[in-house]
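First the structure, in the form of structure tokens, and then the observations on it.
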Amino acid sequence: MRKPPFTRPVGRLHLDASSIAECRALAAEIAEPLNELARTHTTKSIERAVLRLIGVDGVSPGADGPIPVPNLVVDAIEQSVGLGRGALVPLLHAVETGCGHIQSEAKAIADGATPVVWPDGVELEIAVTRARAEADLAEQRIRAAAAQRDRLIAEVGEAPKPWFYLIVATGNIHDDIPQAQAAARNGCDIIAVIRSTGQSLLDYVPFGATTEGYAGTYATQENFRLMRSALDEVGAEVGRYIRLTNYASGLCMPEMAALAAMERLDMMLNDCMYGIIFRDINMQRTFIDQHFSRMIHALAGIVINTGEDNYLTTADAVDSAHTVLASHFLNERLGLNAGLKEDQLGLGHAFEINPELPDQVLMEIAHAQLIRECFPNHPLKWMPPTKHMTGNVFQGFLYDGMFNLVGALTGQDIILLGMMTEGIHTPFLSDRDLALENADYVFGAAGGLGSEVAYAPGGFIERRAAEVLEECRQMLTKIADVGMFDAIEAGMFGDTSRARDGGRGLDGVIPRERGYLNSIEDRLGDALGIA
Amino acid sequence: MRKPPFTRPVGRLHLDASSIAECRALAAEIAEPLNELARTHTTKSIERAVLRLIGVDGVSPGADGPIPVPNLVVDAIEQSVGLGRGALVPLLHAVETGCGHIQSEAKAIADGATPVVWPDGVELEIAVTRARAEADLAEQRIRAAAAQRDRLIAEVGEAPKPWFYLIVATGNIHDDIPQAQAAARNGCDIIAVIRSTGQSLLDYVPFGATTEGYAGTYATQENFRLMRSALDEVGAEVGRYIRLTNYASGLCMPEMAALAAMERLDMMLNDCMYGIIFRDINMQRTFIDQHFSRMIHALAGIVINTGEDNYLTTADAVDSAHTVLASHFLNERLGLNAGLKEDQLGLGHAFEINPELPDQVLMEIAHAQLIRECFPNHPLKWMPPTKHMTGNVFQGFLYDGMFNLVGALTGQDIILLGMMTEGIHTPFLSDRDLALENADYVFGAAGGLGSEVAYAPGGFIERRAAEVLEECRQMLTKIADVGMFDAIEAGMFGDTSRARDGGRGLDGVIPRERGYLNSIEDRLGDALGIA
Amino acid sequence: MDIRPYGDAPDDGLVQVSFTLPLAASERARAAALELALKMGLQRPQIVHLKPIGDSFSFFVLYGALEHSVDPETLEVEEQEFPLLAPAEINRVIREQLRRQMVVLGASTGTDAHTVGLDAILSFKGFAGDKGLESYSEMRVVNLGSQVSAQDLAARAIAERADAVLVSQIVTQREAHLRHLSEVREALIATGVRDKVVLVGGGPRLVPAQSIELGYDRIFGRGAKPSEVASFLAWKIASHDRSAA
Amino acid sequence: MDIRPYGDAPDDGLVQVSFTLPLAASERARAAALELALKMGLQRPQIVHLKPIGDSFSFFVLYGALEHSVDPETLEVEEQEFPLLAPAEINRVIREQLRRQMVVLGASTGTDAHTVGLDAILSFKGFAGDKGLESYSEMRVVNLGSQVSAQDLAARAIAERADAVLVSQIVTQREAHLRHLSEVREALIATGVRDKVVLVGGGPRLVPAQSIELGYDRIFGRGAKPSEVASFLAWKIASHDRSAA
Ligand code: B12
Ligand code: B12
Ligand SMILES: Cc1ncc(COP(=O)(O)O)c(C=O)c1O
Ligand SMILES: Cc1ncc(COP(=O)(O)O)c(C=O)c1O
């Protein structure tokens, strides 16, 4: 690797600071009702995540295949005492009154062997006390994984920025592993295992090592573990800690966050709107789930990646550039509200403009630099071209190189490497390797331009950035006016309209009732100082 | 084509103007003895060129195949009355005393049917008068071709700059033509037909349409004519006048210039040192030949291209960057001395630095911008990577793209498009087409950066440019001291040393004797105002 | 007349090939790559690039002269079976045939969440300047979006009394698209409406030649235009008189 | 064990191919490209890119699963016939065998004007950190440069009493390199010195396997190192006792 010293160039665009401040204030205003929603509701996945964090795991046989125990327990609780007061108390009550072992009792409830009971009086107190104790253990477990990460980084070495990020997607964890290791050996810093189509619509997390995904590999705790250890192995070999990424997204967002925290994943795709717009997941469900997920990520030291780049696959990259920035302000606010620090907010972007448009690269620079300057302390994630990649792999390789260049010029922290075959198939082993060579060249040879180049005052780039910022400010003003739900219903993000009661997963949203207990959330809240 | 408005960015590097002026003064000093050499000598090829310009053409059968009539005539004159007084008078004397028709009498001399005689008295005067008249005709013929170019450009349209330049090299003119036409249809502005290996060492110009070149196609008058008319045809079709280029280089440099002028070629590779260093052609021969060739080019409105880029294939691109600039000052001076205008000096460059070196692109920008600023009125020719191109065609395609970008950033006029297969074979039809797509994208999408970008004052780019300029000044000082011949003997260009009496073609150098007549040179000198 | 690839001259047969072998970079790996190239019919194959990927894979770029040739005149080329019609013409055909609006149901089915291609065909805006089916006055378009199960789609086809069912499939890894297309066909058969609808599939990695094997009336591939789909639908209802449905 | 190319999973056989056909872009051109791909052994070939080049050529990029496989263990792989020696060792061998300096004559012959490769092998500076033959104390190197005719080279071989003749060939179009290499061999035979010298050829498009057909003692290819050439020369004079020459 020949990366020049990493810098985040700022002050290049002479942006209007008051306009940026106004955007932040508007985002806070918009986020408030969503916060309130999260405070007053839980979801099945949140409850399952909580159970997982206290050690519930495994599957029980079902008619259509094995069913995760956390699902069976939460469903059993829902069907008996209801979920309005949370799943912790009834489960831990069974534990305290049973054999004392969480997984055994969970299994018993799952199998219908133990009935679900809501305790009263002392029994309630005992269960609550146990819940608080388990929350401490969960916190410790999460902190331990984070500390282990720090230790390993200190031990094997930290990768110099920018970090090169690659996707593996064979569908088979046993094929993913050698591919990920080969990529790490040739310079990759971050491996993302993308998930099978359809996983985000599953209201459970599949179990065990899996070999049969479509265009991605199922995210399971065991797959996390296998890949994590393979990357630790290769990291030690190459002298760079290799980061692992997955998706806290879809119907099981909180559970994925919990598994990621426990299995020491390092980054998670975790957007406040992606599931709504691109998977048609209900918006209430999503806004509630993202909050708890992010609290977990916050404590786990996980960097989240947001997915605003996706908006421009369905909307026009020039006309709708400001929607990306607006969403960044929202994702930022919601993240901070959940206890994430700025250096955990890996806002994702790239404004993939049709390469046939004149001045495409100038606009890319304007947009990328705008984001850099609005979020100077954030580990930004820079995305490659996707939509305009065709079967011309040669030209595609060049587009990827130009995006790398823009990433270098504008000091982006995390570089998702483009695939020359993006327009064709999920990446080949060799596509990834070529992508690394591409990035290695561009960042090595041209990375220094970031600290060398200035843009003409009042020139095209400066003007374009100011224009996008202003459009963003206007958009946020409008959203603050109508509220987030109306904004999404109006199709303001990704040109895609979703109804507040539509999509999947609304049935898993439960208003919190008096007596609701989620000791883990409480514990996280305290630890993160967001109580 | 989506080229943004063309600009030549200058004033970006805050160069020391006095240093540049000093380089020019030194170049003038160095050029003076070379001028003197040209004034006092002729060469066989100059004499053959003169004969061609007055209409001598065709071949006569020889033992090893046909021999061009101009060669036979010049050789016959050499072996009879000698060449020290030029070939015009003896030939035209034969014409005047013979049938009056130049080609018939030339043929007669070639075939030994007419003896060569140096006339005296009135006969000499008659021959000289005829020579002056023929010079007028030759001038008219050259001017007519140039005027025809202007007319066609006005008629079919001028290509917007930068001009995309492509090479065809099948060896077979009949294969070259469809390939050149395909390239023009897809956006190419300039076609260069490169020559067969070995042609530059031939002391004659092959005749007729040829089909058997190695890694290039023989440059013949007929091949020029065929390609010229094919390009006129496609130019009318695409609404852009398509320029044609060949090589006034090698032992027949002046003849190639003459043929180019007559067949309306538009640009010619015509360097004062390329043949010396890369073909081992004698340096005296080359310096004499280049002067007359350039006078022809000057009147013909032909843009010459120099070949300093080549130095860095045998010398290190970083250590020897200044040799390119030094040679540019020399090529410029020698060109101006021969009557070329600044807008005919297509100085060729590119400093192909190993892509594995850190800051390679920053250095490329520094060098390219330096040349741009030292030669603000010159139609610079920007070369692609060659030496560091490997069999990795994908990565090579990216290198080409980055060079295109540097060319765009620094406002280079003529862009020789790189071939992804440069490290493998002479270009395929598809390599050329992909190269056009590459350039079309980079110049369309990023061309506007040229007028948008500034470099940090005192930064890496500015410092590097100043360093190269200073090294160039020192080198020219040294050359002015020792003289050009010593400098070349010392291997100061292209790390290649050549002896002043070594190499090929010295036997074709003839000191001019009293009575020497080259009425065409006189005519050109008058017309160009360099008498 | 037989033709071969054209590299730099007629009939030179030159082609470029790249692939990865599961072998460490070595002389043996080179030999294996050359052997495969020979089996592909590359004469005088040249390995121009060998890059080790990790320590158990090698990436190769090769050039060689293909010994195979083909006579294009002897090949069966599918003529497009239907004529391209102007929108007004299409609307006229529908009016004459159905005497009511044609009901077009579209979805991206199974786990596929891609909608851009489907929307390109259906939405008013269309694709590359060609307006979508929603712009045809005689069509009523019901766009169900993505991730629609085959069962739901079949049920909606009945409920909406669909004349045409349009299925988009973008994800092809492990043949997901073929599986999803078959599921829709089977669901329509199972619910007894397969013969009452024009069944159309589309996606970038599909080609018209797959129509028969997939049991679809027509498959559209990369770069399909809404006007082509509309023309096909009009032609189909006219030539097969589905107005009875 | 048989192996196949590895795209995204073991044994998937996936390869990338590109070529140009001398046909206008059309359905027929597509069909021809697919037919050629099938002949190459690509199963389910996919045309992922078709670009018209002018109006009588079409450029294609295809992917497909190669049906061919190869068992690398069964392939004959040339083991390097000579051991790699350190410079001191090489000098020692020469001293012992010849009891004088070894005379090495090098040239780029015929019309080939490329010298960088030849210089990489001969000059003191060498190539990629590996010093050239001039750095060996027991070698006397005569570098004739480029564009040397076979006749001149043979004459110089006699005049210099050369022990080894090294020929560089870079330009390969229309097999120029093979022709030029043969010319040198023939000239040496004609002048009777072929058997008195170690004859070595080199260039980026040559491979060692061509040694025999070209009648050379050894051919070196792309990326050859001076130390390899020196080791070969030492091995050759030792094993064949050319010291008598
Ligand atoms: C945009 C996009 C997305 C967006 C989709 C947004 C949306 N709402 O549609 C987002 C970001 C959400 C996305 C997600 C994913 N994507 Co995606 N995506 C793309 C991308 C970049 C562009 C596709 C596109 O919009 N093309 C433009 C349209 C107009 O073209 P088209 O789809 O080909 O449609 C035309 C024709 O095919 C035809 N057509 C299409 N449908 C129909 C239907 C009918 C009836 C007819 C007649 C014609 C027709 O007409 C259209 C107009 O000509 C491609 C890469 C690429 N450059 O192609 C990857 C790509 C399609 N995605 C891919 C993958 C793997 C995914 C994920 C599965 C990744 C993951 N595991 O998370 C997820 C999807 C999860 C899921 N459940 O499906 C892969 C598919 C690989 C393969 N061949 O199997 C691709 C090729 C990228 C890659 N190389 O890996 N993706
Ligand atoms: C530099 C260069 C030039 C320079 C040469 C300067 C010089 N004094 O050498 C210049 C600019 C003069 C030049 C000119 C031409 N060139 Co040139 N040039 C190249 C270039 C860019 C690099 C070659 C190089 O230096 N490689 C670096 C050296 C170290 O590598 P190497 O040569 O492979 O040598 C190694 C091995 O092969 C081996 N080796 C080589 N020789 C020997 C000898 C022995 C005895 C041994 C043991 C080993 C050995 O060891 C070396 C070290 O590992 C290549 C493109 C490329 N990227 O390869 C084109 C290239 C070689 N040139 C090419 C051509 C066509 C020409 C011209 C003919 C063009 C023309 N028609 O005008 C002219 C030459 C005219 C002529 N009479 O030959 C073509 C050849 C195509 C082909 N395969 O037939 C190439 C491939 C470019 C292309 N794609 O078109 N060229
Ligand atoms: C922000 C974000 N979240 C999630 C996903 C993945 O989707 P799924 O949840 O279907 O795995 C993506 C895919 O690109 C994404 O960008
Ligand atoms: C300046 C210059 N002159 C001449 C040539 C061509 O050489 P030849 O004269 O052998 O055709 C080149 C080739 O690149 C060149 O750059």
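Nothing here was measured: the structure is a model prediction, and the numbers come from that model. Every chain is numbered from 1, with letters handed out A, B, ... down the list of sequences.
Salt-bridge check for B/Arg504 with B/Asp280: failed, with every basic side-chain N at 4.0 Å or more from each acidic carboxylate O. Using a 4.0 Å cut-off between charged nitrogen and carboxylate oxygen, D/Arg140 and D/Glu160 count as a salt-bridge pair. A salt bridge between B/Arg498 and B/Glu489 is absent, with no side-chain N of the basic residue lying under 4.0 Å from a carboxylate O of the acidic one. The pair B/Asp433-B/Arg185 does not count as a salt bridge, with every side-chain nitrogen at least 4.0 angstrom from each carboxylate oxygen.
Contacts of B/Asn172 with chain D are made by both backbone and side-chain atoms, with heavy-atom separations under 4.5 Å. Heavy atoms of B/Ser430 lying under 4.5 Å from chain D belong to its backbone as well as its side chain. Residue B/Tyr214 touches chain D through both its backbone and its side chain, counting heavy-atom pairs closer than 4.5 Å. With a 4.5 Å cut-off on non-hydrogen atoms, B/Thr496 does not touch chain D at all. For a residue to count as touching a neighbouring chain, one of its non-hydrogen atoms must lie under 4.5 Å from one of that chain's; by this rule B/Ala183 does not touch chain D. B/Leu434 touches chain D through its side chain: at least one heavy atom from C-beta onward sits under 4.5 Å away, while N, CA, C and O do not. Using a 4.5 Å cut-off between heavy atoms, B/Glu212 contacts chain D through both its backbone and its side chain. Residue contact with chain B, scored on non-hydrogen atoms closer than 4.5 Å, involves the side chain of D/Arg205 exclusively. For chain D, no part of B/Arg432 is nearby; none of its heavy atoms comes within less than 4.5 Å.
If you check the side chains of D/Ser146 and D/Ser108, you find no donor sitting under 3.5 Å from an acceptor. Between the side chains of B/Arg279 and B/Tyr274, at least one donor N or O sits under 3.5 Å from an acceptor N or O. In this model, a donor atom of one side chain and an acceptor atom of the other lie less than 3.5 Å apart for D/Thr109 and D/Gln169.
Counting heavy-atom pairs under 4.5 Å between each of B/Gln199, B/Glu437, B/Lys387 and chain D puts B/Glu437 at the top. Among D/Arg179, D/His114, D/Glu175, the residue with the largest count of heavy-atom pairs under 4.5 Å with chain B is D/Arg179. Interface check for chain D: of the options B/Leu429, B/Val234, B/Thr314, the most heavy-atom pairs under 4.5 Å are formed by B/Leu429.
Between D/Phe220 and D/Phe232, the angle of the ring planes goes over 60°, which puts this pair in the perpendicular group of the 30/60° scheme.
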